[in-house]
Protein chains: 2
Amino acid sequence: MRPPRGYRSEIDIKLSPDPAGPYAGAMPTIYEVASLAGVSPATVSRVINGLPVSGAYAERVRAAATKLNFTPNPTARRLRRRSSQVLALIIPTIENPFFTSLARGVEDVAQGAGYSLVLCDSDERHDKESTYLDVALAEHMAGVVLVPATNHPRLARLLERRTPVVSVDRSIRGTEVDSVLLDNREVARSATERLYARGFRRVGCITGPRETETAQQRADGWREVFSRHHPRTDPERYLRHADFRVAGGRDAMASLLTTRRRPDAVVVTNNSMTVGALETLQRERISPAEMGLACLGDLPYSVLQRAGVEVLPLPARSLGAAAARLLLDRIGGAEGPAQRIVLPIGGGPAIPDR
Amino acid sequence: MRPPRGYRSEIDIKLSPDPAGPYAGAMPTIYEVASLAGVSPATVSRVINGLPVSGAYAERVRAAATKLNFTPNPTARRLRRRSSQVLALIIPTIENPFFTSLARGVEDVAQGAGYSLVLCDSDERHDKESTYLDVALAEHMAGVVLVPATNHPRLARLLERRTPVVSVDRSIRGTEVDSVLLDNREVARSATERLYARGFRRVGCITGPRETETAQQRADGWREVFSRHHPRTDPERYLRHADFRVAGGRDAMASLLTTRRRPDAVVVTNNSMTVGALETLQRERISPAEMGLACLGDLPYSVLQRAGVEVLPLPARSLGAAAARLLLDRIGGAEGPAQRIVLPIGGGPAIPDR
DNA sequence: ATGAAAGCGCTAACAT
DNA sequence: ATGTTAGCGCTTTCAT
């Protein structure tokens, strides 16, 4: 029998939670609740956790807990249970609205299920991502939603410990984890076709890094349509790889403008690069009629109708929500091979993205 | 003497970290490191924490720790120390780039000092904010950076436990906490003056909710300049209160357009409402020459030079960084009355905001 | 159904 | 300088 801080025997009458006591600010523990209710700490624990306890006891414990303003200490709980009610979400950058939307989707689902969410910004860097995965491991997080910064994230230790991981937006080579993806090829195809339908004659493409899956797939979609329209032209002449950032889009557009027989429209495969591309067009005073533009993904803080930019919204929020649901299923013990969900793009998500 | 999992007496020869053992995925503990190094757990703890240990021992412990891939369990540590290396940042919405920029500022400083950051989205709601504050308390966070959703956040319990709190961007009525603010009045004044300088004759204003401090201060700045130009006009006729969101800006601009002797320019006091205002102008086909616009804060995903919008950047990132520094000072034990830092707006922050 | 007690992994007296 | 040990607050056998 140990004498924990604040423990009171049944004889002790002074039961008030002396608010200005020597340990002002200390949270009450189950021991204090137990002695106030006249039961054992174990019984308090059972009540908190919804295990079978006789009605009378349960009531007394609840009353005591309320009176003392008791909240179970999550740290102690986590140490003992070796698990927590916390999910990690690792995104490549918090400053791209696509990922903040995705985060909202994850958060909606997580919160609805009683989990809290820790948001981590990997800054598109393998080392930071790795660090956060270690944190998730060390902190005994219940699961991880990951937008991988590379296609070989260090998941080994996490998976060894059977912590569920779901990858979103980008897939992971080799490792068997659930993933929620977009039909990138289809969305790029559709964007390209719209520009041709609007009457443009030669549609170029600005996509992301060569080694990035989404960048490749989107380029593939564009290439397919382009080659149909220009069977004799090498599509690579009209394709630029940038880095998915504003500056990259700016430079890539500048480069396309100097191409011999330059394109009269461009598909830009993400929101940030579109902003850059527009900046270049503006600087060169090239009107929307001279150079058409399609953007994959929303530009939430832009007002672009006037500029005639063809925007193809991507269901970022749904992506996050679907990933979170998949993760919660696994946490709940769902077995079976890794799932691979591809979200429809045109179909309109149940949860609107803005 | 207890026999912890994985504990090995000095006699035990089998010292390899059997990777596929019965507890696959279990993290090594200081006990395992201790026995591998042939020292006591306390010594391991001392080495980890940089307390004085003889060179030879320290070396052996480090070798053992490396070999076992040991990481101290943060949960156990937190339980024991009653404190953690984690900061909370509570923002009203992750979907406004102003706050994500601010978050980057906090993160930069936090990470530099070895703290991790938990980002929470209060959704501008008092109840969610309150919940996150409770989480911060229960999780023994080292400190909280708060963009208050209301001017009376529930800080009592946190402060009772002497957890440092810094408010950013908005101040807190009554409570004595450090705060980092902008000179909202000045920035609004400056925006208004620019529009008059550009030749507009009657500059209206769209600001945030009546009860919000920043909304009031910005409106005050506008009112001051407006009244100087129109001493006989009631400024309230040219002021609209909205909710700092896109839809609010849209409606407020629509309302201003129907005003008798309507304004020929408008100061909009945040980025989101500016987007809404622009949408209305576009729909009504009102050109930038007919209706001037100034926006308080960056519009990172917009390309607005063409639209002639006067953008006044706000040092969001610096705001976050300054708040984090203040917080770390307090965590480090800095005493003294609550500080109130007002960041210069025009002066150009040391850390650029994009 | 309830209680006693061990122990999650670590740190901090205290003893040596 | 190093080791022993109690205990942070909780959950969970194991008895009763």
Side-chain angles (χ1 to χ4, degrees), chain A residues 1-7 9-10 23 25-35 37-61 65 68-85 137-140 161, chain B residues 1-7 9-10 23 25-35 37-61 65 68-85 137-140 161:
Chain A
M1 176 58 149
R2 62 171 174 181
R5 168 182 66 75
Y7 194 90
S9 73
E10 276 91 335
Y23 283 92
M27 312 275 292
T29 73
I30 50 169
Y31 286 90
E32 285 147 77
V33 176
S35 65
V39 301
S40 78
T43 301
V44 176
S45 172
R46 289 187 184 109
V47 173
I48 305 168
N49 292 290
L51 296 174
V53 167
S54 84
Y57 272 31
E59 208 34 69
R60 274 161 58 194
V61 168
L68 295 179
N69 221 315
F70 170 81
T71 321
N73 180 324
T75 304
R77 200 173 238 191
R78 191 178 312 167
L79 179 61
R80 182 57 233 229
R81 295 213 268 221
R82 302 155 149 280
S83 80
S84 71
Q85 292 271 95
L137 186 77
E139 296 277 3
H140 287 286
R161 251 246 306 272
Chain B
M1 176 59 151
R2 62 171 175 182
R5 168 182 65 75
Y7 193 89
S9 74
E10 275 92 334
Y23 283 92
M27 311 276 292
T29 73
I30 50 170
Y31 287 90
E32 285 149 76
V33 177
S35 65
V39 301
S40 78
T43 300
V44 176
S45 172
R46 289 186 186 109
V47 172
I48 304 169
N49 293 290
L51 297 174
V53 167
S54 85
Y57 272 33
E59 208 35 69
R60 273 160 59 193
V61 168
L68 295 179
N69 222 315
F70 170 81
T71 320
N73 180 323
T75 305
R77 198 174 240 189
R78 190 178 311 169
L79 180 60
R80 182 57 231 231
R81 297 215 273 224
R82 302 156 149 281
S83 79
S84 70
Q85 291 274 94
L137 185 77
E139 296 277 2
H140 288 287
R161 250 241 311 267

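Computed from a prediction, not measured in an experiment: that's the story for all the values here. Note on naming: letters A, B, ... go to the chains in the order of the sequence lines (proteins, then strands), and numbering restarts at 1 for each one.
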For the side chain of A:Leu79, starting at C-beta, report the closest nucleotide among D:dC10, C:dC8, C:dG3. C:dC8

Between C:dC10, C:dG3, D:dG9, which one does the side chain of A:Ala76 approach most closely? D:dG9

Determine to 10° how strongly the helix from C:dA1-D:dT16 to C:dT16-D:dA1 is bent, judged from the axes of its five-pair ends. 40°

B:Ser84: side-chain hydrogen bond (donor to acceptor under 3.5 Å, both in side chains) partners, not counting sequence neighbours: none

With sugar-phosphate meaning primed atoms plus P, OP1 and OP2, does B:Ser54 contact a base, only sugar-phosphate, or nothing at under 4.0 Å between heavy atoms? sugar-phosphate

With distance as the sole criterion, do the side chain of A:Tyr31 and the base of D:dC8 form a donor-acceptor contact below 3.5 Å? no

How many whole angstroms separate atom CD1 of A:Ile30 from atom C1' of C:dA6? 13 Å

OG1/B:Thr75 to NE2/B:His140 distance, rounded to the nearest 0.5 angstrom? 11.5 Å

Check: B:Val44 and B:Val39 side chains under 4.5 Å, non-hydrogen atoms: yes

Look for any protein N or O under 3.5 Å of an N or O in nucleotides 14-16 of chain C and output each such pair with its distance, or none.
none

Has the side chain of A:Arg60 got a donor or acceptor atom that lies under 3.5 Å from a matching backbone atom of A:Ala37? yes

Could you state the CZ-P distance from A:Arg82 to C:dC10, rounded to the nearest angstrom? 10 Å

